[in-house]
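So that the names make sense, note that chain A is the first sequence line, chain B the second, and so on, each numbered from 1.
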Protein chains: 2
Amino acid sequence: MSSPRRRVIPEATIARLPIYQRCLLELEAGGRTKASSEQLAELAGVNGAKVRKDLSYFGTYGTRGVGYDVPHLLHEIRRELGMTHDWPCVIVGAGNLGTALAKFGGFTDRGFSVVAIMDVDESKVGQKVGALTIRHEDDLADVVAELDISIGIITTTAGAAQDVADQMVEVGIRSILNFAPATLDVPFGVLVRDVDVAIELQILAFHEERRVLSEAEIV
Amino acid sequence: MSSPRRRVIPEATIARLPIYQRCLLELEAGGRTKASSEQLAELAGVNGAKVRKDLSYFGTYGTRGVGYDVPHLLHEIRRELGMTHDWPCVIVGAGNLGTALAKFGGFTDRGFSVVAIMDVDESKVGQKVGALTIRHEDDLADVVAELDISIGIITTTAGAAQDVADQMVEVGIRSILNFAPATLDVPFGVLVRDVDVAIELQILAFHEERRVLSEAEIV
DNA sequence: CCGAGCTTGTTCACAAGTTCACAAAGTTGC
DNA sequence: GCAACTTTGTGAACTTGTGAACAAGCTCGG
């Protein structure tokens with residue numbers, strides 16, 4: 001009755017799968033058909049044991065004495081990550097960042113396409129962003145249904161973010177990528193991932209600051 | 001001889017400090033002068049014990065029975081994060097993303113300002129991006145010295161990223177924010193933080209995919 | 001068909017991070 | 001000044017993640 005293999009896969013492992021995928025793509029582009037865990041680890045910037053453990057979670061068969069079959073492993077990771085089909089996304093917030101993301105093709109080739117961009121600002125509605133036309137935020141339910149969207153991207157100001165998240169949840173979106181510097185409150189079952197460049201910079205600054213302090217101490 | 005307080009602060013705690021800072025700013029804007037760990041936790045989306053433990057690392061004094069003094073705590077966190085002064089940053093890679101980041105003012109008010117933007121492409125050099133003029137990547141050493149830059153931001157393609165990182169390290173930058181989908185190899189002591197939107201989307205997609213699978217299983 | 005040589009898959013010990021639970025310390029009302 | 005109440009700061013249990021080590025298993029040459 002139980003699935004043959006359905007272990008709980010650790011979050012940390014999931015976060016590394018896209019990196020392995022990237023490395024495997026590089027290897028494939030270079031014509032390599034086999035790779036050992038150590039080679040993959042080198043490319044991914046982690047250690048070999050971790051690679052083997054990560055891959056073992058979803059029962060991918062490497063071959064002892066040989067390594068992993070690059071195309072096969074790539075296929076398995078793609079399947080595991082749901083990269084076998086395209087993911088349509090909607091961006092809410094047609095500001096600087098939102099429009100830049102919409103125009104930026106960098107995800108399209110990785111299986112994600114921005115199929116709609118929306119804003120509350122009436123004056124923006126109707127304007128073009130690349131091939132897309134900005135639509136009004138109130139149409140979210142329609143747009144999501146029409147285009148079968150399951151991923152929402154929030155690029156509004158911090159103040160508007162919670163409202164947008166609520167709307168997204170209401171129309172059935174359960175995966176949200178949030179660029180707004182705000183902590184979103186969503187019901188259980190909805191997954192939010194935050195991308196906050198300022199936080200990343202602050203973490204760098206923290207270490208930079210400490211570095212200066214410790215050096216002063218040594219001298 | 002040892003500093004009165006210099007415990008090792010966990011990475012996980014450091015990553016939360018900017019979030020606490022943000023929440024405290026909100027509270028301050030709302031005129032609140034006191035906040036309990038539970039209130040802060042609520043705003044930050046974590047649990048109260050975590051807040052207290054995080055704050056205790058750098059010996060911030062809350063008052064038992066009362067809570068934390070908002071302005072004071074804010075000051076302490078700012079100091080700890082090195083937010084008492086401005087951090088000049090250089091962006092290398094004047095493509096879509098690089099120019100968007102340079103124009104985007106969202107970090108300026110958080111203590112980071114983009115003071116230079118560079119590219120290898122001769123045809124881009126000399127063009128304006130907001131108030132900045134794109135300079136040639138070869139001038140990196142000069143620019144860094146002139147403007148006293150300690151943080152580098154990489155927004156090139158994956159292929160060029162490692163070279164840029166090498167250049168940055170060579171001219172003395174030890175904190176790098178990397179937007180390129182590549183694993184950078186840097187010497188010990190140099191800190192790299194990666195921001196990869198595609199990876200975030202892939203993590204969302206993984207869970208979305210699983211969600212569909214588990215629901216099918218239940219039925 | 002066998003032995004040498006690799007590389008995986010897994011176990012185990014340890015490190016990092018989280019949560020609980022509670023004593024200590026402060027405040028407020030009487 | 002004391003009792004009731006609130007909230008911090010922290011030791012200890014627990015959970016999650018990492019890295020080393022090694023047995024099991026595969027390939028290949030002879």
Kindly point out which of C/dC20, C/dT10, D/dG17 is positioned nearest to the side chain of B/Ala49?
-> C/dC20
At under 4.0 Å, does any side-chain N or O of A/Ser37 touch on OP1 or OP2 of C/dT8?
-> yes
Rounded to whole angstroms, how far apart are CG on A/Leu40 and P on C/dT7?
-> 13 Å
Evaluate side chain to side chain contact (heavy atoms under 4.5 Å, CB included) for B/Val190 paired with B/Leu184, printing each intermediate quantity in order.
-> CA-CA 11 Å; B/Val190 176; B/Leu184 299 182; over 6 Å; no
State whether a side-chain donor-acceptor pair under 3.5 Å links B/Asp163 with B/Gln167.
-> no
Heavy-atom closest contact (B/Leu74 atom, B/Gln21 atom, distance) = CD1-O, 3.7 Å
Nearest-neighbour nucleotide for the B/Arg64 side chain, C/dT18, D/dG19, C/dA23 considered = C/dA23
Does B/Tyr68 put a side-chain nitrogen or oxygen below 4.0 Å from OP1 or OP2 of D/dG9?
-> yes
With the side chain of A/Lys50 defined as its heavy atoms from C-beta on, choose the nearest nucleotide among C/dT8, D/dT7, D/dG19.
-> D/dG19
Between A/Gly65 and A/Lys53, which is nearer to the 5' end of DNA chain C once each is assigned its nearest nucleotide?
-> A/Gly65
Can you see which heavy atom on B/Ile154 is nearest to which on B/Ala161, and at what distance?
-> CD1-O, 4.0 Å
What's the CG-C1' distance between A/Leu55 and C/dT10, to the nearest Å?
-> 14 Å
Please check the phosphate of C/dT18 (OP1 and OP2 only) for any side-chain N or O of B/Arg16 closer than 4.0 Å.
-> yes
Could you work out which one of C/dG26, D/dG17, C/dT19 sits closest to the side chain of B/Thr63?
-> C/dG26
Using only side-chain N and O atoms of A/Asn47, determine if any of them is under 4.0 Å from OP1 or OP2 of D/dT18.
-> no
Nearest-Å distance, CZ (B/Arg52) to P (C/dC20)?
-> 11 Å
Can you tell me how far C1' of C/dA16 sits from CG of B/Asp54, to the nearest Å?
-> 13 Å
Does a nitrogen or oxygen in the side chain of B/Tyr57 sit under 4.0 Å from OP1 or OP2 of C/dG17?
-> no
